[in-house]
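Any value given below was found using the heavy atoms of this structure, including those in side chains, with hydrogens, waters and symmetry copies removed. Protein chains get the first letters and strands the later ones, always in sequence-line order, with residue 1 at the start of each.
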Amino acid sequence: MPDHDQRALLAREFFDRPATEVAPDLLGCVLWHDSPAGIVAARLVEVEAYRGGMDAASHAFRGPTARNAVMFGPPGHAYVYFSYGMHYCVNVVCQAPGRGEAVLLRAGAVVEGAMLARQRRYGVPAASGTDAGGTSATGGGTGGAAAGPAGPDAGNGSRGRQRELDLARGPGRLCQALAIDRSLDGAHVCAPSGPLGIGPAQVDQSQADSAAIIRTGPRVGISKAVELPWRYWIAGDGHVSGYRPSKPRSS
DNA sequence: TGCTCGATTACCT
DNA sequence: GGTAATCGAGCAA
């Protein structure tokens, strides 16, 4: 049933470049997780580049530790960490081993397995019955999902639409929707047999148009190197999370 | 050994 | 729009 061995995957060489080059190229690509419960896939609409030892905001800035060891390994592997005591965030390692560069995957639009993603996020089977994307039941596979954000909330009001946009809007939500946790730390996203993968951007005309408009700006929630415009997102896409500067802790 | 902070989110006003 | 929640990593003593 998992048709992911037929899915196109990005080559390892794709990630063997500076994170600031990989990050914009990842926009429009599809991240998927094939779990026992089913497949959920999301088209990436927002990412951030972290450049290891030369980037004070990077987890790798201070050198390798047990937590960030994966960042210093070969490119094309997932670095998953636990944040704020309750959320997971997922990165993809870039550059040759030892560099510590990675791209944080911040937000996506669920294009497959939306029903399962809703279940994970909101604990309900489905808001409305129009979604055929539950688990791997999507007949058309990735291609059929290319229609964009229309289908799932048909018949719902703006509230339902917002919920749909919020499914994977933000790094913590993305991980929750795709059931990504520390067990996937180090997973190879270029391996055909692995549970986690990233496929190339779909060459659909409407998406090609939107993917052409890539914006850059300061990264979210960091207190160091805030001036670096290493956040990349698809302009006008409702699945992009809003910019929030780092908030100093209240005493 | 203990303390502080964090690549966030959900909920309350 | 503002704030509490929550826990692991990293640093200092």
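- Rounded to whole Å, the distance from CZ on A/Phe61 to C1' on B/dG6 is 16 Å.
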Seminar exercise, completed: Expected string for nucleotides 8-13 of chain C under the B/S/- scheme (protein heavy atoms, under 4.0 Å, primed atoms plus P, OP1, OP2 as sugar-phosphate) is SSSS--
Exercise. For DNA chain B, what dot-bracket results from Watson-Crick or G-U pairs at under 3.5 Å, with [ ] for crossers and | for inter-strand partners?
Worked result: ||||||.|||||.
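- Whole-Å rounding puts the A/Arg121 CZ to B/dA10 C1' distance at 10 Å.
- The side chain of A/His87 lies closest to B/dT8 when the candidates are B/dT8, B/dA7, B/dG6.
- Remark: A/Ala117 pairs with A/Val40, A/Val110, A/Leu167, A/Ala177 by the side-chain contact (heavy atoms from CB on, under 4.5 Å) rule, at least two apart or across chains.
- Put simply, A/Tyr81 does not rest on the base of B/dA7: the two rings are not both less than 5.5 Å apart at their centres and under 30° in tilt.
- Residues passing the side chain to side chain donor-acceptor pair (under 3.5 Å) test with A/Asp181 are A/Ser183, sequence neighbours excluded.
- A/Gln176 and A/Arg121 share a side-chain donor-acceptor pair at under 3.5 Å.
- Evaluation of the side-chain contact (heavy atoms from CB on, under 4.5 Å) rule for A/Thr20 yields A/Pro18, A/Ala49, A/Arg51, A/Trp230, A/Tyr232 as partners, not counting sequence neighbours.
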Donor-acceptor contacts under 3.5 Å from residues 64-78 of chain A side chains, at least two apart:
| unit_1 | atom_1 | unit_2 | atom_2 | d |
| --- | --- | --- | --- | --- |
| A/Thr65 | OG1 | A/Arg67 | N | 3.3 |
| A/Thr65 | OG1 | A/Asn68 | N | 3.4 |
| A/Thr65 | OG1 | A/Asn68 | OD1 | 3.3 |
| A/Asn68 | OD1 | A/Thr65 | N | 2.6 |
| A/Asn68 | ND2 | A/His59 | O | 3.0 |
| A/Asn68 | ND2 | A/Gly63 | O | 3.2 |
| A/His77 | ND1 | A/Gly186 | O | 2.8 |

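- Note on residues 182-198 of chain A: pairs passing salt bridge (charged side-chain N to carboxylate O under 4.0 Å, His left out), not counting sequence neighbours, are A/Arg182-A/Asp185.
- For DNA chain B, the residues of residues 90-105 of chain A within the heavy-atom distance limit of 4.0 Å (strictly under) are A/Asn91, A/Leu104, sorted by number.
- Non-hydrogen atoms lying under 4.0 Å from DNA chain B are contributed by A/Pro171, A/Gly172, A/Arg173, all within residues 171-180 of chain A.
- In this view, A/Cys89 and A/Tyr81, A/Ser83, A/Leu104, A/Pro171 satisfy the side-chain contact (heavy atoms from CB on, under 4.5 Å) rule, not counting sequence neighbours.
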Sort me out a list of protein N/O and nucleotides 1-3 of chain B N/O pairs below 3.5 Å, or just none if empty.
none

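- Counting only residues at least two apart or on different chains, the salt bridge (charged side-chain N to carboxylate O under 4.0 Å, His left out) pairs with a member in residues 217-234 of chain A are A/Glu46-A/Arg231, A/Asp55-A/Arg219.
- Side-chain contact between A/Leu10 and A/Val189: absent, with no pair of heavy atoms (C-beta onward) separated by less than 4.5 Å.
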